[in-house]
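Presented below is the structure to which this report refers.
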Protein chains: 2
Amino acid sequence: MTRDSKGPDPQRSLTLLWAGRARGRRGPRPQLSVERIAQAAIRIADTDGLDALSMQRIATELGYSTMSIYNHIPSKDLLLEVVADVGAGKPPELDSTGDFRHAVRQWVAALWAGFQTRPWLLRVPLGHSSMGPHQLAWLDRLLQPLLRAGLVGGEARAAALHLTAVVRGQAQISIALTSAPPADEGLSRGEAELAQLLATFINPRDYPALAAVQAAETAADLAEHERADREAFPGALSFGVDRFLDGVEAWVAAKSHRRDNG
Amino acid sequence: MTRDSKGPDPQRSLTLLWAGRARGRRGPRPQLSVERIAQAAIRIADTDGLDALSMQRIATELGYSTMSIYNHIPSKDLLLEVVADVGAGKPPELDSTGDFRHAVRQWVAALWAGFQTRPWLLRVPLGHSSMGPHQLAWLDRLLQPLLRAGLVGGEARAAALHLTAVVRGQAQISIALTSAPPADEGLSRGEAELAQLLATFINPRDYPALAAVQAAETAADLAEHERADREAFPGALSFGVDRFLDGVEAWVAAKSHRRDNG
DNA sequence: CTAAAACTGTGTATGCCATACGTTGAGGTG
DNA sequence: CACCTCAACGTATGGCATACACAGTTTTAG
């Protein structure tokens with residue numbers, strides 16, 4: 001480790017992510033470790049947000065000087081890669097019996113819940129962390145029901161990427177919209193008033209489809225909103241995932257039919 | 001405008017995003033404007049990346065002092081929201097004749113291309129920019145073919161969100177994996193060697209499905225890779241979008257059938 | 001018509017940040 | 001035992017966002 005050159009070096013990222021620290025080195029025994037540093041960083045981000053995450057903060061949290069951190073991690077960018085991987089945690093256990101759709105929905109719900117718990121994960125630039133051990137574990141878990149459904153290698157990989165991307169993207173958008181107003185000044189105008197303000201901008205001339213959708217929605221809106229709070233993930237996500245799984249199922253069926261007749 | 005309180009204030013975000021500067025104010029006529037500032041910021045991010053984007057840099061680029069910027073934009077976070085919206089640009093014109101799938105694919109390809117052109121857009125925290133005029137224009141454009149396909153309000157909105165999320169997420173992952181190695185030191189080991197290094201970590205014990213997929217892929221990999229470079233967007237994205245559209249089509253068909261028989 | 005008020009642009013200052021560099025001492029290795 | 005390597009530390013540097021006080025300009029109130 002020690003002093004090193006910078007720059008986006010995938011090799012370094014990978015070895016850092018996959019740890020496996022070699023023992024039997026010289027010098028004093030390290031008290032700090034990549035693991036401890038990452039844990040402290042996650043703790044800070046969980047409690048005070050990603051903006052509060054600084055090298056100095058980590059060091060004081062652990063009771064060491066700021067620069068000691070750099071003996072274990074060459075830069076903050078690399079640290080963030082590690083944090084993004086470790087912070088993802090372990091993937092859930094899925095029902096491997098029966099419907100592959102059920103398993104996939106379980107996986108989606110778990111990932112969604114993870115992003116709700118740690119919204120800051122969505123603000124960490126991915127870097128090479130998507131090749132970290134935890135990220136790959138999540139990917140592996142999702143691939144299993146997809147392969148079981150009848151997708152072949154490349155298709156399963158594409159479908160898994162699709163689902164990962166959907167949850168990531170939806171969570172990002174969802175969290176962006178749910179940033180709480182300051183609520184001081186006595187009257188904290190709710191989302192309703194905000195939506196109304198926005199509605200004044202959405203004139204049917206510039207946004208015909210949007211206006212149409214918005215007009216058609218005011219009716220059944222409330223009932224759906226209340227129901228959504230009780231679900232594992234919101235209706236918009238659910239609809240998309242279900243339609244995708246419909247398509248996957250049809251694709252597999254068509255493939256096997258092709259094989260039967262070929 | 002002038003001096004203002006901070007904090008995530010949706011109201012302020014929206015009024016800033018939707019501009020409409022009122023004239024007839026006191027004081028000297030402003031030479032700077034939110035528009036000019038945003039354009040300069042985009043220029044900087046395009047040429048030197050998001051990390052090079054600082055208030056000082058913007059100011060010197062425009063030939064003003066750093067603090068002048070704050071007379072027009074209360075904080076850098078708000079600036080980024082504006083930049084994220086303006087930087088998205090105008091949505092493409094879609095073929096409104098014929099197949100809705102074609103139009104959707106056009107839209108997806110355009111958004112994908114946008115993210116390739118401006119990768120830094122994916123690193124800007126969304127904030128409330130998703131309610132900016134440009135973002136809504138993109139959304140509106142996508143809603144049109146979806147409504148035409150036969151989805152009703154809520155479904156169309158969910159499907160549009162799904163597609164947006166997919167492209168965003170896939171682009172993020174894709175860009176994260178394509179960060180170039182420094183390529184100094186004579187031998188710039190390619191992605192191949194990197195993949196091989198990664199492969200040593202992926203043992204079938206911990207990652208059974210991944211290993212299976214990887215083993216099944218080495219064969220037809222090259223041909224597919226070469227073909228992917230000529231497409232508007234990569235095969236993984238295409239597969240997912242197509243399966244989703246299959247599901248949407250089936251859903252609409254089932255609905256109309258239900259109606260015919262109900 | 002005048003004076004106050006409001007606003008834009010400027011310069012300076014503060015405090016936080018990542019990180020380069022030099023030093024010290026610990027503890028394996030020859 | 002001598003040497004080498006490395007962990008932890010302190011200090012220093014340059015960049016950053018932004019608070020604050022000021023100067024000049026234009027609109028508006030009286």
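Just so you know, these numbers use all the heavy atoms, side chains as well, and skip hydrogens, waters and symmetry mates. Note that the structure is a prediction, hence the values are computed from the model and not measured. Letters A, B, ... are given to chains in the order of the sequence lines, protein chains preceding strands, and every chain is numbered from 1.
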* Asked: Can you name the residues that form a side chain to side chain contact (heavy atoms under 4.5 Å, CB included) with Ala41(A), not counting sequence neighbours?
  -> Leu53(A), Ile58(A), Val83(A)
* Asked: Taking the side chain of Tyr70(A) as heavy atoms from C-beta outward, which of dT8(C), dT18(D), dA18(C) is closest to it?
  -> dA18(C)
Anything under 3.5 Å between a protein N or O and an N or O of nucleotides 3-5 of chain C, put it in a table, one pair a line.
residue, atom, partner, partner atom, Å
dA5(C), O4', Arg26(B), NH1, 3.4
dA5(C), N3, Arg26(B), NH1, 3.3

* Asked: Quick one: side chain to side chain donor-acceptor pair (under 3.5 Å) partners of Arg36(A), sequence neighbours excluded?
  -> none
* Would you work out how much the helix from dC1(C)-dG30(D) to dG30(C)-dC1(D) bends between its ends, with each end axis defined by five base pairs, to 10 degrees? => 10°
* Asked: If only side-chain N and O atoms of Ser68(A) are considered, is one of them under 4.0 Å from the OP1 or OP2 phosphate oxygen of dA7(D)?
  -> no
* **Residues which pass ring-ring contact (aromatic ring centres under 6.0 Å, His included) with Trp112(B), listed by chain and number, not counting sequence neighbours** => none
* Asked: Lys76(A) has an atom NZ; how far is it from atom C1' of dG15(D), in whole Å?
  -> 14 Å
* Structure fact -> Among the nucleotides dT10(C), dA7(D), dG28(C), whichever has the atom closest to the side chain of Asn71(A) is dA7(D)
* To do: Rounded to the nearest angstrom, tell me the gap between atom CE in Met67(B) and atom P in dG24(D).
  => 19 Å
* Which residues in residues 51-66 of chain A have at least one heavy atom lying under 4.0 Å from any atom of DNA chain D? -> Tyr64(A), Ser65(A)
* To do: Considering just the side-chain nitrogens and oxygens of Arg29(A), establish if one lies under 4.0 Å of OP1 or OP2 belonging to dG28(C).
  => yes
* Asked: For Arg141(B), what residues pass the salt bridge (Lys or Arg N to Asp or Glu O under 4.0 Å) criterion, not counting sequence neighbours?
  -> Glu93(B)
* Structure fact -> The salt bridge (Lys or Arg N to Asp or Glu O under 4.0 Å) partners of Asp48(B) (sequence neighbours excluded) come to Arg57(B)
* For residues Gln135(A) and Ser130(A), is any side-chain donor paired with an opposing acceptor at under 3.5 Å? -> no
* **Which residues share a side chain to side chain donor-acceptor pair (under 3.5 Å) with Ser33(A), sequence neighbours left out** => none
* **dT8(C) OP1/OP2 closer than 4.0 Å to side-chain N/O of Gln31(B)** => no
* **Atom pair distance, as rounded to whole Å: CD1 in Ile73(B) and P in dT8(C)** => 13 Å
* Asked: How are the rings of Trp107(A) and Trp138(A) set relative to one another: parallel (under 30°), tilted (30 to 60°) or perpendicular (over 60°)?
  -> perpendicular
* To do: Name all residues meeting the side chain to side chain donor-acceptor pair (under 3.5 Å) criterion together with Ser68(A); count only those two or more places apart in sequence or in a different chain, and write none if there are none.
  => Ser65(A)
* To do: Take the protein atom CG of Leu80(B) and the nucleotide atom C1' of dA17(D), then report the distance between them rounded to whole Å.
  => 12 Å
* To do: Report yes if a side-chain nitrogen or oxygen of His72(B) is closer than 4.0 Å to either non-bridging phosphate oxygen (OP1 or OP2) of dC7(C); otherwise report no.
  => no
What donor-acceptor contacts under 3.5 angstrom involve side-chain atoms of residues 116-123 of chain B, with partners at least two apart or in another chain?
residue, atom, partner, partner atom, Å
Thr117(B), OG1, Ala113(B), O, 2.8
Arg118(B), NE, Gly87(B), O, 3.1
Arg118(B), NH1, Asp46(B), OD1, 3.0
Arg118(B), NH1, Asp46(B), OD2, 2.3
Trp120(B), NE1, Asp46(B), OD1, 2.9

* Asked: Residues two or more places apart in sequence or in another chain: which of them pass side chain to side chain donor-acceptor pair (under 3.5 Å) with Gln39(A)?
  -> Glu35(A)
